[in-house]
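Take a look at the structure below.
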Amino acid sequence: MVRVRFAPSPTGPLHIGGVRTALYNYLFAKKMGGSFILRIEDTDRTRYVPGAEDYIIEALDWFGLETDENPIKGGDYGPYRQSERKDLYKQYAMKMLEDGNAYYAFDSAEDLERMREEAKENGKHVAKYDATVRMQMKNSLSLSTEETAALLEKGENVVVRLNIPSDRRIGFKDIVRDEVSFDTKELDDKVILKGDGMPTYHLANIVDDHLMEITHVIRGEEWLSSTAHHILMYEFMGWEPPQFVHLPLILKPVGQGKLSKRDGAKFGFPVFPLEWKAEETYAGFREDGFDKDAIKNFLAFLGWNPGTEQEMFNMEDLIAAFSLEKIVKSGARFDIDKAKWFNQQYIIAKDNAEIAEVIKPLLQNASYMGHSDSFILGFIELMKERVESYNEFVSKGYYFFEKPRIEDEKIARKKWKDENELHFTAIRTQMAESSSFDSDTVQGIIKGYIGDNGLSFGAILPILRIAISGTMKGPDIFGMMSLLGKEESIDRLHAGIEKIKAL
RNA sequence: UCCCAUAUGGUCUAGUGGUUAGGAUUCCGCCCUUUCACGGCGGCGGCCCGGGUUCGAUUCCCGGUGUGGGAACCA
């Protein structure tokens with residue numbers, strides 16, 4: 001039975017890279033008929049951000065990445081919040097202590113600082129708390145039993161560190177990267193239990209993954225370097241380690257480094273699934289009008305591909321096609337253009353009624369009230385191929401709900417001829433007299449008039465379009481007029497012509 | 001600096017000891033549409049570098065370089 005977990009830390013809003021990690025875990029779990037677990041890694045009390053856990057849950061919920069076990073609904077392996085498992089970790093730290101695989105250390109922040117300074121003076125570029133300095137530090141290895149007991153009694157700066165063996169090669173198999181190995185002399189004696197009694201990530205992680213019977217650890221590549229520590233800890237505990245899968249990181253669109261929360265504002269696109277409001281506000285894909293399925297499809301392809309040329313995948317197909325072996329090894333730059341393209345494709349393919357559910361609140365926010373469902377559905381049909389986000393239905397299609405602003409003044413001026421006055425008066429009269437006003441009828445009236453009077457389409461259509469919608473860009477003019485209705489179309493034609501004349 | 005990982009058009013990627021190195025996106029052009037968009041067609045653009053093995057290397061080997069990550073009582 002496959003069991004995987006998504007284990008974010010509630011230190012702020014869930015990053016889009018975290019969403020991808022969650023997605024891959026979910027896809028793998030579903031593919032294998034296994035369980036997908038949410039575990040909250042809140043062991044750092046100084047970085048805890050209220051609301052972050054709710055945000056994580058809401059984001060997963062928005063994407064429909066349902067978890068089988070989580071802090072809210074529980075499960076057979078709970079609790080699922082590490083802060084609630086505090087006592088558990090201590091036991092295992094004690095076990096490692098007893099076996100000599102860990103030791104107490106009593107160094108103060110100043111002691112550690114001094115150690116680092118000295119290392120630097122000795123020409124070392126990296127200062128690690130390891131076998132080379134271990135015996136010069138204040139710990140249960142360097143101190144006598146009595147001294148140790150006294151310091152333990154005092155209780156200041158007491159941490160538990162891993163006793164990393166020297167001269168060993170720790171190797172493991174990563175499903176994406178194959179064999180990876182580290183020399184233990186590169187590894188530091190990591191703190192596993194902190195002064196406040198909380199475990200660090202490393203301890204909590206292996207204890208929980210073991211206790212929760214996690215079979216595959218699918219996480220970001222930033223963890224690759226500490227995996228040797230984890231393997232060693234599984235060994236110390238006599239536990240079977242899970243399979244490891246380190247995902248390539250998502251990089252900035254341009255420049256150096258991984259995608260960060262600042263990049264959103266910098267490049268003008270969201271890097272978070274949902275909007276996050278704190279001292280600063282960070283944009284969210286949802287609020288920016290992205291479709292959740294489009295984002296999932298986009299994210300799935302950032303670091304993975306099925307090896308075929310298909311790239312539009314619904315969840316079911318994605319689950320069927322997904323495999324850990326096809327995960328790409330190198331980091332992927334975040335490309336918002338690709339995300340927008342996926343979004344547009346999804347909007348076009350989406351059922352109008354479904355789109356209506358999403359955009360109705362947006363229309364309300366813009367104070368566009370009181371429109372019938374059929375009007376909204378007709379509006380969606382006309383606009384869906386012309387927007388790349390849900391929000392653009394409102395920003396680009398505003399003139400379906402209020403009087404248009406003349407945007408293409410230059411074209412209007414250029415196309416305006418005095419005789420248009422006469423033509424449009426005649427057209428208005430014909431429209432007023434028409435008993436029906438469907439798209440074909442409107443088209444018949446306009447084209448008929450043009451034909452009967454030996455005019456060119458170019459003499460009439462651009463002015464008509466600008467009068468109705470204010471812009472040269474937009475859906476089929478006859479469809480728009482029909483949807484707007486006879487009264488409104490005639491009114492706009494009249495008012496529009498007056499405005500154009502005055503330009 | 002050390003360790004680990006990684007390297008195919010601008011970006012996301014497929015793939016191979018002999019291929020015109022494929023797809024997607026972006027950009028450009030044409031067609032469709034007397035608008036825009038969608039769609040269709042076409043184009044620009046690529047195997048990190050240097051050695052070696054080989055009849056032949058983008059592919060295998062060695063060495064560089066670039067890039068990413070890590071080197072916390074953070075995750």
Side-chain angles (χ1 to χ4, degrees), chain A residues 7-11 41-44 46-47 82 105 107-109 112 116 120 123-130 157-161 174 176-177 180-183 185-188 190-202 204-205 219-228 246 248-254 256-258 298 301-312 326 328-342 344-345 348 382-388 396 408 411 450 456-462 464-466 469 471-477:
Chain A
S9 193
T11 54
E41 308 223 330
D42 55 347
T43 54
D44 187 350
T46 63
R47 293 209 310 158
Q82 291 184 330
D107 311 276
S108 64
L112 293 171
R116 293 189 179 107
K120 207 184 249 177
K124 280 200 209 163
H125 297 281
V126 268
K128 289 198 304 283
Y129 200 119
D130 62 11
N157 298 319
V158 185
V159 303
V160 177
R161 283 182 182 272
D174 183 281
V176 251
R177 282 150 226 286
V180 179
S181 66
F182 293 83
D183 215 312
K185 63 172 173 285
E186 303 295 343
L187 272 34
D188 65 336
K190 281 218 181 313
V191 170
I192 56 173
L193 204 63
K194 301 188 260 192
D196 63 0
M198 278 291 204
T200 58
Y201 172 88
H202 310 287
N205 204 255
R219 59 182 7 172
E221 197 189 347
E222 69 267 28
W223 296 110
L224 188 61
S225 298
S226 40
T227 306
H246 287 97
L249 265 18
I250 297 176
L251 276 20
K252 290 180 194 299
V254 291
Q256 298 188 310
K258 57 179 172 177
F298 164 70
F301 272 73
L302 213 54
W304 172 86
N305 79 84
T308 65
E309 285 181 359
Q310 183 187 348
E311 61 179 344
M312 299 305 290
K326 286 220 155 276
V328 171
K329 295 177 173 65
S330 54
R333 280 194 190 275
F334 186 88
D335 181 11
I336 193 66
D337 284 336
K338 201 63 184 277
K340 285 178 180 170
W341 178 79
F342 269 110
Q344 183 179 47
Q345 294 296 314
I348 291 170
L382 288 170
M383 287 302 292
K384 70 195 292 191
E385 281 179 359
R386 276 157 263 265
V387 298
E388 53 185 30
K396 283 189 168 176
D408 285 320
I411 295 171
I450 289 170
S456 71
F457 284 144
I460 298 297
L461 261 21
L464 177 65
R465 178 174 286 281
I466 291 173
S469 68
T471 172
M472 284 304 291
K473 298 177 179 176
D476 172 58
I477 180 69

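Below, chain A is the first sequence line, B the second, and so on; all start at residue 1.
At the heavy-atom level, A/Val180 lies under 4.0 Å from the strands shown only through sugar-phosphate atoms. Counting any heavy atom pair closer than 4.0 Å across all strands shown, A/Asp476 reaches a base atom. Across all strands, A/Thr43 comes closer than 4.0 Å only to sugar-phosphate atoms, never to a base (heavy-atom distances). Residue A/Arg177 is in sugar-phosphate contact alone, with no base atom involved, counting any heavy-atom pair closer than 4.0 Å across all strands shown. Contact annotation for A/Ser225: base contact, defined as any heavy-atom pair under 4.0 Å involving a base atom. Residue contacts for A/Asp174: at a heavy-atom cut-off of 4.0 Å it reaches no nucleic acid atom on any strand shown. Among the protein residues, A/Asp183 comes within range of no part of the nucleic acid, since none of its heavy atoms lies under 4.0 Å from any strand. Across all strands shown, A/Pro248 has no heavy atoms under 4.0 Å from either base or sugar-phosphate atoms. Among the protein residues, A/Ala7 comes within range of no part of the nucleic acid, since none of its heavy atoms lies under 4.0 Å from any strand.
Comparing A/Phe334 and A/Ser456 against RNA chain B, the residue whose closest nucleotide sits nearer the 5' end is A/Phe334. Both A/Asn305 and A/Lys194 lie close to RNA chain B; mapped to their nearest nucleotides by heavy-atom distance, the more 5′-ward contact belongs to A/Asn305.
Looking at the side chain of A/Arg386, the nearest of the listed nucleotides B/A5, B/G23, B/C36 is B/C36. Comparing B/U35, B/G70, B/A5 by their nearest atom to the side chain of A/Lys258 picks out B/G70. Closest approach to the A/Arg47 side chain among B/U6, B/C74, B/G70 is made by B/C74 (side chain taken as heavy atoms from C-beta onward).
Residue-to-nucleotide contacts include no donor-acceptor pair under 3.5 Å from the side chain of A/Asp44 to the base of B/C73. Side-chain atoms of A/Arg333 and base atoms of B/U11 include no donor and acceptor less than 3.5 Å apart.
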Tabulate atom names and distances for all N/O pairs under 3.5 angstrom spanning the protein and nucleotides 26-33 of chain B.
none

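Listed by chain and number, the residues in a ring pair (Phe, Tyr, Trp, His ring centres under 6.0 Å) with A/Trp341 amount to none (sequence neighbours excluded).
B/U1 atom P lies 15 Å from atom NZ of A/Lys120, rounded to whole Å. Whole-Å rounding puts the A/Glu186 CD to B/C2 P distance at 10 Å.
Atom OG1 of A/Thr227 sits about 10.0 Å away from atom NE2 of A/His202, to the nearest 0.5 Å.
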